[in-house]
There are 2 protein chains.
Amino acid sequence: MKLLPPAFRLPVAATIYDIAERANVSTATVSRVLNKPAEVSASTRSRVLEAAQELNYQPHASAQNLARQHTNYIAVVAPVVANYFYMHVMRGIQHVLADREYDLMIHVPSHPEDIDKRLKSAIQPGRSDGVLLLSTPPNESWADRIKDVGRPTILVDAYHPDIESIAVDNERGGYDATRHLIDLGYERIAHITADPEPPPATQRREGYERALREAGRDIDPTLIAASDALPFAFAEKGGYQAMQALLRRQPRPDAVFAASDMQALGALDAVQEAGLSVPEDIAIVGFDDTDLSRFAGLTTLRQPAEAMGKRATEALLRHIENENQPVSSTVLAPQLVVRRTCGAESSSVSANGQAPNKPSTASESTPPS
Amino acid sequence: MKLLPPAFRLPVAATIYDIAERANVSTATVSRVLNKPAEVSASTRSRVLEAAQELNYQPHASAQNLARQHTNYIAVVAPVVANYFYMHVMRGIQHVLADREYDLMIHVPSHPEDIDKRLKSAIQPGRSDGVLLLSTPPNESWADRIKDVGRPTILVDAYHPDIESIAVDNERGGYDATRHLIDLGYERIAHITADPEPPPATQRREGYERALREAGRDIDPTLIAASDALPFAFAEKGGYQAMQALLRRQPRPDAVFAASDMQALGALDAVQEAGLSVPEDIAIVGFDDTDLSRFAGLTTLRQPAEAMGKRATEALLRHIENENQPVSSTVLAPQLVVRRTCGAESSSVSANGQAPNKPSTASESTPPS
DNA sequence: CCTATACATGTAAGCGCTTACATAATGAAA
DNA sequence: TTTCATTATGTAAGCGCTTACATGTATAGG
């Protein structure tokens, strides 16, 4: 080991070769004491450990990944980062990964065309051991690709028959939301969705329509407003614009079910800006139940985001760690959270608008694949 | 290439060897067409490309990382995921990374003792090309370690003389918040912090104290409430508990400056729960300006989180891509955002509690290091 | 026609680690 | 003492890619 003055010593990390030399053993032995210490005698083990200590050794992750044929990385692709729903899903993911030796890699497309690039990256060989696709339903071509590559993959808030998935029952949520509004006596119930309409939005709309039909009402297409889905379908701005359109209808709707909380919040803004009040003039129900909704007093359908993240990650690890798990798709029931904006203000509501806990209606099913 | 029936073909990815064989060239040539296509003749280039196409080739990331001696990964370590401030910082990071070929790795400690493990992982050889430390001030030992390892590192919302950093002027923010309350005529201005107190909280408290002193008032230690910092110092629960304590003081404080918006929101809850109202009985000012605050009508000091993420990432890339950048530390001025909870309701306020845009007081300085 | 030059491709040595297999050393059984 | 396990260690071949260098081939200049 030739010494150079500190200023000129490049910060080049020690390798197992350095340790081997210093401890007078082969690199194989070094590797063994680091990975399966039981297989090496106590005396050389301590000699090696000491050398490693002195050299401040840290294994080179890429080299390990290459040699071991796995990375201990989990890739997640999500449409956006700064969003309450994904944030909570991430918390769930992070929660189960905390005790395990996996690191999290996150891929977020910067625009819709970027999705392909991100997906490709996520399933690229040597990049991750498994991938979590949040609100990113794969088309057939991608589904094939995923199966071909054989990289364990779980869909969250999306569905495909051949890939394990976990999602909320969106149709039911849409139904429950609308039904709630009907029961409260609203007459002209509008709906806010996005265009193009992501699959979950479609299902929510279908639930909305079913509730209306079941109540013997016609579906008035002029009461369904689809806002521009870019950059993110469920964003606040879309709800704001869609609501503005709805306010121009004659007669005006007296209630709105928005496909997301962010849209609902945008709608709320638009209503108030028009000098009307919620829920007196127009009632609003959202979908998601982000923290924001609590503060805004939004009535909404709760998606158990954190739980979804947790369960998805557990499923993913199961697939990574034992081959040949059957693929299952589980659907969670969303839960109606009644707050201020629907005008159902019957029971007392706590300071922050949180409704008293309703009996849980959550249920789930894991249909055979 | 021996063919097996599909069911038995393990999904083993094609390598450059497969391509080389199929295109009748050496692996060096394959690598060249993939990386520096200009150096190879058009005819063999297309032959290779075709073979790659047919084999559905994707390079093995770990192998590339090992051979190239860099990963194109950026590691970020943040104390929590599900938090509005970090979410926005992340958005900034993601935004600048979008066009570049870097992927994001995120490390979040599951509890305070876990930080070491995460930091170690973040700077481990072969794991990232650079690291962003959010609200994670390194102690001396870690600072040394980081310098030794030579991995480019940027501190966000933290400071260390030897490491590039970007943060808001917390002392000034604390001063401005308190000053605002003083100017509005409040007499007994309390403060909510955390215990142990993270450095930014200390600075905010110092600003609070300076404003008080400057106004010729005494600092009443019974008006400074420090809540339990776990699991996350700036969390809602802490503010709630601290506020409960403050409400027991005689005479009661008539205003509170909380070290974070989440704490402020918790405090707001506590006040309302006690049957008092904001701002009539007690005024509240927070720090951060998350979206939550907008909906809650919270007066607060805005930290430009997204901009911080952006600039930190740009700085990081600068360090990664050209050696020997000088280390600089930049501090941004926080900006007072007046809303409902401080009782300054002079000007009209838009529907969601957003104050009309004040002239920006933002400024910044980049002291020589 | 010979040589110098440029360009295209191949050879092989890494990058830092893991691991199957071979070898050596030790002690117990015969 | 010889033999056979058993255990500890070393040897070397990968993992899949990149790249310095060597070699080969075509082209232009003399």
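We name chains A, B, ... by the order of the sequence lines, and we start the count at 1 in each one.
By the 6.0 Å contact criterion, NZ on Lys117(A) is enclosed, its count of non-hydrogen atoms from other residues, nucleotides or ligands being greater than 12. Heavy atoms of other residues, nucleotides or ligands lying less than 6.0 angstrom from NE2 of His95(B) number 12 at most.
Here Pro125(B) lies out of heavy-atom contact (under 4.0 Å) with every strand. Nucleic acid contact class of Val30(B) (heavy atoms, under 4.0 Å, all strands): none. As judged by a 4.0 angstrom heavy-atom cut-off over every strand, Ser31(A) is placed among the base-contacting residues. Asn24(A) comes within contact range of the sugar-phosphate backbone alone, with a heavy-atom separation under 4.0 Å but no base atom that close.
For residues 26-43 of chain A, there are no salt bridge (Lys or Arg N to Asp or Glu O under 4.0 Å) pairs, not counting sequence neighbours. Residues in residues 128-145 of chain B take part in these salt bridge (Lys or Arg N to Asp or Glu O under 4.0 Å) pairs, two or more places apart or across chains: Asp144(B)-Lys147(B).
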Please list, one pair per line, the donor and acceptor atoms closer than 3.5 Å that link side chains of residues 131-139 of chain A to other protein atoms, with sequence neighbours excluded.
from	atom 1	to	atom 2	distance (Å)
Ser135(A)	OG	Tyr86(A)	OH	2.7
Ser135(A)	OG	Asp157(A)	OD2	2.6
Thr136(A)	OG1	Leu134(A)	O	2.6
Asn139(A)	OD1	Ser141(A)	N	3.3
Asn139(A)	OD1	Trp142(A)	N	2.8

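We find that NZ of Lys36(A) is positioned 16 Å from C1' of dT7(D), with the value rounded to whole Å.
Note on the helix from dC1(C)-dG30(D) to dA30(C)-dT1(D): terminal axis deviation equals 60°, with five pairs used at each end and the result rounded to 10°.
Where DNA chain C meets chain B (any atom under 4.0 Å from a heavy atom), the bounding nucleotides read 5' to 3' are dA8(C) to dG16(C).
Of the residues in residues 60-68 of chain A, those placing a heavy atom less than 4.0 Å from an atom of DNA chain C are His60(A), Ala63(A), Gln64(A), Ala67(A), Arg68(A), in numerical order.
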